[in-house]
Amino acid sequence: MATLNLTLKIWRQDGPHKAGRIETYDAHGIPDDASFLEMLDIVNERIIEQGGEPVHFDHDCREGICGACSLTINGIPHGPEGAVTTCQLHMRKFNDGDTIWVEPFRAKAFPVLRDLVVDRTAFDRIIQAGGFISVRTGSAQDANNLPIAKDDADASFSAAACIGCGACVAACKNASAMLFVSAKAAHLNLLPQGQPEKTRRVLGMVQQMDAEGFGNCTNQYECEAVCPKEISAGFISKLNRDYALAAAKETLT
Amino acid sequence: MSESLRNDGRVWAPKSKETAAKLRRGELKPADIAEEDRDYYLERKYPSFGNLAPRDISSRSAKEACDEGRGVASTGLGVYLDFRDSIKRLGESTIRARYGNLFQMYEKISGANPYQTPMMIYPAVHYTMGGLWVDYNLMSNLPGLHVLGEANFSDHGANRLGASALMQGLADGYFVIPATLPVYLSTVSPGSITTSHPEFAAAKANAEGRLKTLFNIQGKRTVDSFHRQLGLLVWDKCGMARNEKGLQEALREIPAIRAEFWENVRVPGNGENLNMELEKAGRVADFLEFGELMCQDALNREESCGGHFREEHQYTDADPEVASGYISAGEAKRHDDKFSHVSAWEYNGEGKPATLHSESLEFTDVKPSVRSYK
């Protein structure tokens, strides 16, 4: 097993209202089979053993499905590889002697809590504003009661693959959340179960998105380029159409 | 990797130890191994279930192959999950449509392309059996605290072994709680809740004292080092196969690890800001109690059942079920005459033995029996 000797430049910030700074760490003897987060675990263990404060970062499933991990690595959310989350990025993609810059996902609506951890609860509030369907529980329907065309199911699924990590926001120069909101709206708007609340959903989610301080979309698709789940920017066009329709309906009723 | 992969993947290990050693050193590639030198051990041992044998059986079989020295990967802890034949039969695009996301996940982790070379897999701890005790209405022994899904014990091991942990969440959420929670709510009125209650003050002081203790230890070892030490011990002594000797050893070692934790752990920082080391320390402190209970429970249950495989309790050639060919020697042997019950353990405080509440399982229409996967 090969090992790497790296230099890390990491953003440190003690709390939301404290000034941040870049600090330099020596990360030697890192196994190239380690994931990026495992590399940080190793560095943190050394920091603690030397009496320091470890670098805080978000993580949970470590297999690319939960959306908890973040990090802007060498200027790119989730790092240079493409179509992966930070936890799926492995050190074999780096070279011995590299200097790696590690910063939080930056956006006005994602305030830094500590070091590399940002507050992404703005996304939760957008979901609460309409990213759901209301169904009666207690007696499940028979299977196949609601036939759905395969194309629709596939399209909906490709939107539902969004894990809500926020890389789209971090990559956008305007810190726009349009890719996230459009994916979350589309995966319900494309299905029969999503129709009754469609108008309310689209208006509610977009209004909340604006209220949270996310910027506007200027169609440069940096979001699509960094999305670990390769969500298509085409959903943004769909959201714009759905929004126009919803706004018109709202005006006429 | 997800178990769904076993729908189309074939599990195998090399037949000989020598071949396995060459594969481990990279002198041979899996594609170099001729068909007759491969042991598709699940298909061999369980012809009617093959690669879809239940999780406990498949895991133990993988461990068995590796314990015999037939493991692959540089660590020797690995068997192959091979899609070559499925790709030949169904085409790569069908396999991609079925498992594309999982294949991508594997490729990222391992750096190898599973469309071209078999995956290497090994069983790992994913979650534990059991959970919080609840009644038939899913309410725990704390009135009003209902526990749903994997967090409760109600479907115990069967749920996890069936690879359908989601099912319990759906069943509890869709069918049980909508019927039981309203009933509970209709019987209580909120009343007035204040923080001036002496029990509130005691609980608050207790929680704050625990945090203070963790910060004040200022020892030499990281939380992770204790987590790893405990994890390896429980994995080794209370993992896929357990025996009395190992469990006794674990029950001696865990209190020693716990004692060192409370004397020598290092939790940096203070309680003033976000502190993930503190969160982790609290969790590892819980694991140190919970791991001990798991070993105690495993020691108490003198049978093999589902994921709980006690080496002392397995079928041998002397058993009529083996002589008749119904099952093979080495399969898990249950003792329903003595252990047809749920073991609910009551917590009595740290370091104090838990009290066993045995809840018998009564079967009226079906009788638990040994199932043959042959």
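Below, all heavy atoms of this structure are taken into account, side chains as well, without hydrogens, waters or symmetry copies. Chain naming here is simple, since letters A, B, ... match the order of the sequence lines and numbering starts at 1 in each.
The neighbour count for B:Arg283 CZ, taken as heavy atoms of other residues, nucleotides or ligands under 6.0 Å away, does not exceed 12. A 6.0 Å sphere centred on NZ of B:Lys280 holds more than 12 heavy atoms belonging to other residues, nucleotides or ligands. More than 12 non-hydrogen atoms from other residues, nucleotides or ligands lie less than 6.0 angstrom from CG of B:Asp286. Other residues, nucleotides and ligands place more than 12 heavy atoms under 6.0 Å from the CZ atom of A:Phe132.
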Pair A:Val117-B:Met276, side-chain contact (heavy atoms from CB on, under 4.5 Å): steps then yes or no: CA-CA 10 Å; A:Val117 179; B:Met276 289 180 165; 3.7 Å; yes
Trace of the salt bridge (charged side-chain N to carboxylate O under 4.0 Å, His left out) decision for B:Arg266 with A:Glu45: CA-CA 11 Å; B:Arg266 179 174 200 95; A:Glu45 193 145 16; over 6 Å; no
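For chain B, the option among A:Ser35, A:Gly64, A:Gly51 with the highest count of heavy-atom pairs below 4.5 Å is A:Gly51. Counting heavy-atom pairs closer than 4.5 Å to chain B, the top residue among A:Glu81, A:Glu53, A:Arg92 is A:Arg92.
In this structure, the separation between CG on B:Leu102 and CD on A:Glu63 is 9.0 Å, given to the nearest 0.5 Å. Note that CD of B:Glu107 is 11.0 Å distant from NE2 of A:His90, once rounded to the nearest 0.5 Å. For the atom pair CG (B:Asn101) and NZ (A:Lys229), the distance works out to 7.5 Å, reported to the nearest 0.5 Å. Between the NE2 atom of A:His56 and the CG atom of B:Asn273 there is a distance of 7.0 Å, given to the nearest 0.5 Å. Here the CG atom belonging to A:Asn44 is positioned 10.0 Å from the OG1 atom belonging to B:Thr222, to the nearest 0.5 angstrom.
A:Gln88 places no side-chain N or O within donor-acceptor distance of the main-chain N or O of B:Lys108, the cut-off being under 3.5 Å.
Using a 4.5 Å cut-off between heavy atoms, A:Ile47 does not touch chain B at all. Heavy-atom distances place no part of B:Glu272 under 4.5 Å from chain A, backbone and side chain included. Residue contact with chain B, scored on non-hydrogen atoms closer than 4.5 Å, involves the backbone and the side chain of A:Ala83 alike. Both the backbone and the side chain of B:Ser225 come within contact range of chain A, with heavy atoms under 4.5 Å apart.
The residues B:Arg221 and A:Glu49 are annotated as not salt-bridged, no charged nitrogen and carboxylate oxygen being separated by less than 4.0 angstrom.
Residues B:Pro268 and A:Pro54 approach most closely at CG-CD, 3.7 Å, considering heavy atoms.
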